[in-house]
Every structure is written in C-alpha cells, then in structure tokens.
Amino acid sequence: FAAVPLAGFPQCSIYRSNSRMFHRSSTASNSDDGHASDGGGSLSATTQDVHSHPTTSQNQENEEKQQPHPTGHESLLRFLLLPNQVLIVLTLEFLNSFRSFGLRFVLYNYVTNEFGISDVKAGALLGTKGFIDIIFGTIGSIMVDMIGVRRISIIAMSVAIIGRTLLAFGRSTTSLYLALFLFSPCGDALLSVGLYRVALKKLTTPLTRPLAFAMSYAVSNLAGALADVCVDKMRSSLKDVQIDDENGGGGGYLSGVFTPIRQFIVVTWVIVLVTFGIAYCFLEDWTVIDPNDLDDDEKRKQSTTTRHQTSLENETDNDDHDATTTSIILPADALPASPMIRPHLLQRWFPTHYDSVQAIEDEHHQMEVSNDDNNFSTSTMIRRRSLPKYQMYRTRYNHDHDTQANSPNEENSSTSRCSGLIKVVNQVIAILKLRNTWRVLIFGFLSFTIVLDWTASEIVLPPFLERRFGEKIPIYTIQSINLFGCLILPPFVGALTTGREDFQIVMPGLWLMAISPIFVALSPNVGGACIWQIVMTIGEVLWSPRIISWTASLAPTGMEGLFFAITSARAILGPITDAVMGTMNDKYNTNCPDCRDQYGHFCDVVVNNNDNANNAVQCVSAQEECNLFLDNQQQQSCPQTCLECPTWVPTDPSTFWYLLMIAGIAAPLSVWLFLPFLRGAHVRDDRCYGLFRVNKARIFGICGAPDDDQDSNINIRRRQGRQVYGHLDSNSSSSNSTSSVMANGVDIELT
C-alpha cells in the first residue's frame, strides 16, 4: 500500500500492530477555561480536568448520543474511502460465491442424473457431506484466528483444486465420494464458514460495516445470479460433448460425455484456479480503525489507557491545568493509508454531498470558537461527523503471540502446542460465557425453519421444474430472481436503514419470507415459482444482511473466526434438512427414470423401429436409445416431462409447499418471543431479560416495533457504571481480574 495522505483531511495512517511500542498523536491548545479541541474528529473531543469534569467514558457516551446517524450518501462516502484491500476481499468473495453457489445449484441434479442416484440416497449423500463440512469448517474457523485469513485461504484453495478436479472429470462413484467427503470439506468448507467475513469485519469500522456487509451480500448474490444464468445459457445453447481417449474408447480420465451441467462444473474448476492465484498474489491480513469510529473493544482500551495516562500526568504536574492534550494511542510504525477511491475523485463524482460533509468541519470549528468566547463547554454542543480518518495495521493473530513467546525455547515445542490447544479451549469457554454469543446462537436456532426456503430453492425447485415442465424450462434463471434481487436491493436497504434499530428491519423481513411459499402451493407451476422467488427475496434482503452485520458487530476482537464458528451452530441442522428435502422430492416430486437416459435427458425423440413386430415406435434421447416403446396407434409423441411418462405415478406438490410455509411462520413467532433478550436492552433481573414484560411495545414487537424502554434502560445501566453484556479481548491477560469477570458475560461493576 502506498503511503498516501487523504487530501484535505488530517493524516490517515497505516501501521503494523506487531510492534508493542506506541506513541501518542496529540494536539494541545491553551484557553481561558482550560479546554482543548481536536477539531471535531478525535476519540475524545476535549480533555478536561479530571477533578471537575466528566470522565472519558462519559464523554464518549455523550458523543454517541449527540452524533446523528450518517446519511445514505455519507455512508457511501465513508465506504469508498476504505482501503483498497476491501476490493480484493470483495473480488475473492465474488469468485468464491460463484464456484460455491454454482456447485450447490446443480449438485442435486448432477448427482441424480449423471450418477444414477435416487432422491432418498442423494439427500442422505448431501446430508453426510454437510456434517463433514461442519467439522472441517469449525476447525478452519479456529485456524483463522491462529494463522490468519491469507494462509487459510491459500491452504483451502490448494485442496479445493483437487476436489473440484475429481468432481468435474471423475466418472465413478468413488471419485464422487472422494470429492464430496474428503477434498471438498478440506477445501471448500474452509472457505464457506465466514472466512472473508472475518477479513471484511477487520477492514471496516462500525459506521461502514452495515453498508460493507450489504455490499458483500450483494456481490455474493451477483456471483450466484451469474452462475444461474451461466448454467441455463449452457443448458440451452450447448450440446453434449463426446471426448474419446487415444485408443478410440471411453476409458480415459478426461474422456466421456460432457453434458452442459458437467461443462459448467469444469468452469467452476477454472474459477477455483483463478481464485487461488488472486489470493496468493494480493490477499493480505490488515485491520482498519477510525479514531472517530471505534469498536466497543477499542473504545475500552483507549478509555482505560487515557484514564491511566491522565492519572500519571496529574501526579507529575497537579498544578498545571491550562495546557491540555487530546490523545489517541497509535503504534509507533503508523503509516498513511491508501483509500479505495481517491478523495479528489469522490469530490468530482459527488460534489454536492462531498462539499456538504466537508463543510461540517468548518461549521463545527466556528461553533467551538463562539463557545470559547462565551465560556460554554463544547461537550454540550451537538456533534456532527466529519469524513473518516482511517488507519490500517497488520493483523496480529494468536499464532504470532505464541511464536514470539516460545521462540527462545524451541525445544519445548510440544509444550507450546499443548498450551495452544488449552488456549483455544479456554477461548471457546470464554466465548460461550458471553451474552453476545447466546444472543446470536438463540436467533440462529429460532430462525432455522425459515432458512428451509433456501434449501428448498436449491434441492426441491430445480427437480420440481425439470421433472414437471421439461429440460427447456430456464430452471436456474428462475432461481436467479432471488439472487439478482439480493444483488440490487441490499446496498439501498443498507444505506436507507442505517439509523434503524436492527430488529425493526429484521422482523418484517422474516414475516415476508415465511409466507412466500404460499404462492407455489396455490399455483404449482412456473408462474407460482417466480412469485415465490420475488416475495422471498424482498423478505430476505430486509433481514439477512442486517443479521450478518449485527453478528459481526457482536464478535469479540481477535476471535472473530471462532465466534462465527460457534454462532453458526445452526448449520449442524442443515444436513438433516438436506436429507429431508430428498425424502420430500421422493414423495411429492418423484422422478421418472424409465423415461430418461443415464445422463438425465428425457427420451423425447420418436424413432421408428422396423424390427419390432408390434409396429411400435421407440423413444430415444440426445445420447442413447431408451428402453421405452410406444404403441404407434395410441401415442404419437415421446415424453418430454415426467407428467407425460406412462409409468410415472402422479403426486401433489402443493402439500410440500404448504408444509414449508407453516414451518417458516414458526421462525418470526419464535424470534418475537425472545426479542427483548436478542435486543440486549434488558438485564437478567428485569423480568428475565424483559421476556415477561407485557406492554404495547412488547406486543407490537411482533412486527419489529422498537422497545419503548430500550434506550432508557441502556442509559440507566451506563450511568450506574454497569455493563449490559460482557465483551472479550483475545489478547487480554488471564491475570487481569476485570477482563476475567467481563468474559463471564454477567453484569458487573466497572472500575
């Protein structure tokens, strides 16, 4: 990264966190009342006499109350000023989502059509794969916190290349099982547990995080939508490709019939290779902070350090109250950051909004001068946000701490490995004691039934459309309605709802998504499927990106990967749903193998068989002759769908979609019952975290209405010096009693 200052702003810095040496970046001024100002941008707006003015934590609380939420355009400007490493992460997210979504969408049809596996067995196969993915994904999440995003990404991609090679070119069930049960979990699963979510969390600040995760969500869905379109384009325009080996047979590894679906999997294999190259060359481990927009953990560190330094300064010079200093603790090797988009380009692209935000600094400066003349305290004035002052530093992982600590005694490597394992176990226990962890876990399990819509979209919808309406139906284009909607809408929703409380947006989204399957149940055809995708998408873009951002904001600094792994425990139920969906296909959406060839093509071409004495016609597919003969006098066309297959047993698909809707409605109802606890506004003694409170706001919370007592309860707890829920820092010493108590996730008295 080039050391380039942001034009027109105070110096922004890149710095490495590996150094334990720090320096203070300060500004000082003298005035009649002993106040010093940072120009509206630093962590503490004023440094005051500790004997006569509020504490640092109180100043921070006042600033949080006085500063309004950023507007949509300001949020966009702040996001575009983030470092360009964000673009690298979003690019990797796009490629990773393309190969991941692409495989998930076609895998069920690929397994059942090209390997001749039944619906029930295919569901069990995908369910088993899901369980193995969870195991390797948990291991990967722990390793992310130990060795970093870059190393995990490169290791996972190296293994994923092997697995995708077997899946794209293998012909036997042995190669299929090796790919699904060994190499895919070791490779793909490590990339699917929020690896790039950890990187994005470290590269953003609290104010930019909602929009950044909305952009990530949109990029991911863009990749999935393009994968859908690509699959359908290949299905409609490409023919089967026959490749023979050198001897003219079909026994070579690269030989055989490549259907359009298999050709698409080869495309995803190429994507994996490209992703590996980009990650190896460009991906780095960086962390971004803004001194004016710190995470809660960073605020506590700065507050603790500031109080300690103020105490030392008062001891050394207790009589000097005229000169005051505003301090931000920075590492000694801080360097300027390089923004994603240069400020002069932003000023050219958004002149009105850019200049209006720039004018805030001048307006705030004039307010301070006027206040100084009239002896008013600047801490009582309404603060407005200026453009950010981003800083970056090399992320220091737990492995780096252990390496430095154990380097003098290399002969004790086995002891260090044991201590490392014990440390991970202790971290897991500490995270499980955090109330934040249980907030995310409880929401995950309560909302489990609504994510069945996603599983049905991947496992039930494609065979439902193909078996009932034929191969010419644009199955994956219909499926891409959801992904294109999730591409276009999240950035707008994220920008427009930045100032809203999370569950004001989440609850309406849950309800919309829950009732969406009713349209397919009432009209089990292509039109009903399209309406389902549209309504489901509207609900999804309201709640899903917001919950991702909410979860990331609750993650303890330095242990995001482990936190995401633990709070993703809901995924353990995913394999069960895969198996259930396979059973549902077998019961309500049965296949017709007698009317399809070994590659899944329908036997829809009529061929006169002169050798048949009964004057019957034979049905053939694009690849081979089928063992299906029709009476030339009774039926003149071969089946193009399972509905036309003479041996197919009819089923009623509407029953499945009604069951899916009923299961989905259980999610918002369950979330509503636990909503006061999920919002984190109440303590244990307040009628069990507010769960048993009965008032108008509690009842209307079923639609997302805010809790009337939420803000007042939080402020009361802060004024009492209590913490609503615990936080944890991975680098805090176990001997620190305050950190130890805070890790227990209980209400404590701050000292």
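Positions are given from 1, in the same order as the sequence printed here.
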If only atom types and distance count, is the side chain of [X] paired as donor or acceptor with the main-chain N or O of [Y] below 3.5 Å?
{"X": "Ser153", "Y": "Val149", "answer": "no"}
{"X": "Ser549", "Y": "Phe213", "answer": "no"}
{"X": "Arg693", "Y": "Pro676", "answer": "no"}
{"X": "Ser544", "Y": "Glu540", "answer": "no"}
{"X": "Ser457", "Y": "Asp453", "answer": "no"}
{"X": "Ser654", "Y": "Ala521", "answer": "yes"}
{"X": "Thr583", "Y": "Ala579", "answer": "yes"}
{"X": "Asn585", "Y": "Ile459", "answer": "yes"}

Between atom [atom1] of [X] and atom [atom2] of [Y], what is the distance when rounded to the nearest 0.5 Å?
{"X": "Leu441", "Y": "Leu434", "atom1": "CG", "atom2": "CG", "value": "11.0 Å"}
{"X": "Asn482", "Y": "Ile538", "atom1": "CG", "atom2": "CD1", "value": "11.0 Å"}
{"X": "Met513", "Y": "Trp532", "atom1": "CE", "atom2": "CH2", "value": "8.5 Å"}
{"X": "Leu211", "Y": "Arg78", "atom1": "CG", "atom2": "CZ", "value": "11.5 Å"}
{"X": "Phe692", "Y": "Asp686", "atom1": "CZ", "atom2": "CG", "value": "12.0 Å"}
{"X": "Ile505", "Y": "Leu542", "atom1": "CD1", "atom2": "CG", "value": "7.0 Å"}

Is it the case that Arg209 and Ser553 place a side-chain donor and acceptor less than 3.5 Å from each other? no

Heavy-atom pair with the smallest gap, counting every atom of [X] and [Y]:
{"X": "Ser97", "Y": "Ala223", "result": "CB-CB, 3.7 Å"}
{"X": "Gly130", "Y": "Pro575", "result": "C-CG, 3.4 Å"}
{"X": "Leu200", "Y": "Ala212", "result": "CD2-O, 3.7 Å"}
{"X": "Cys703", "Y": "Met507", "result": "C-CB, 3.8 Å"}
{"X": "Trp511", "Y": "Ile702", "result": "NE1-O, 2.8 Å"}
{"X": "Thr567", "Y": "Thr551", "result": "OG1-CG2, 4.2 Å"}

Worked check of side chain to side chain contact (heavy atoms under 4.5 Å, CB included) between Leu483 and Phe105: CA-CA 12 Å; Leu483 296 167; Phe105 293 155; 3.5 Å; yes

Before giving the answer on side chain to side chain contact (heavy atoms under 4.5 Å, CB included), spell out for Phe503 and Leu675 the whole-Å C-alpha distance, their side-chain angles and the decisive distance to 0.1 Å. CA-CA 8 Å; Phe503 286 93; Leu675 192 55; 3.6 Å; yes

Parallel, tilted or perpendicular, judged at 30° and 60°: which one describes the rings of Phe98 and Phe94? tilted

Over 60° means perpendicular and under 30° means parallel, so classify the ring planes of Trp454 and Trp543, tilted if in between. parallel

For [X], I'd like to know if atom [atom1] has over 12 heavy atoms of other residues, nucleotides or ligands within 6.0 Å.
{"X": "Ile572", "atom1": "CD1", "answer": "no"}
{"X": "Phe445", "atom1": "CZ", "answer": "yes"}
{"X": "Trp438", "atom1": "CH2", "answer": "no"}

Hey, are the side chains of [X] and [Y] touching, using non-hydrogen atoms and a 4.5 Å cut-off?
{"X": "Ile534", "Y": "Phe519", "answer": "no"}
{"X": "Ile135", "Y": "Pro185", "answer": "no"}
{"X": "Trp550", "Y": "Arg439", "answer": "yes"}
{"X": "Val671", "Y": "Leu678", "answer": "yes"}
{"X": "Pro653", "Y": "Phe464", "answer": "yes"}
{"X": "Tyr108", "Y": "Asp119", "answer": "yes"}
{"X": "Thr577", "Y": "Phe448", "answer": "yes"}
{"X": "Leu522", "Y": "Tyr658", "answer": "yes"}

Would you call Lys202 and Asp285 a salt bridge, taking side-chain N to carboxylate O under 4.0 Å as the test? no

Residues Asp578 and Lys129 bridged, charged N to O under 4.0 Å: no

Steps toward side chain to side chain contact (heavy atoms under 4.5 Å, CB included) verdict (Val520, Phe656): CA-CA 10 Å; Val520 195; Phe656 166 76; over 6 Å; no

What's the verdict on side chain to side chain contact (heavy atoms under 4.5 Å, CB included) for Met215 and Val86, showing C-alpha distance, side-chain angles and the deciding distance? CA-CA 11 Å; Met215 294 295 294; Val86 174; over 6 Å; no

Residues Arg698, Asn695; criterion side-chain hydrogen bond (donor to acceptor under 3.5 Å, both in side chains); working and verdict: CA-CA 5 Å; Arg698 179 77 171 94; Asn695 52 37; over 6 Å; no

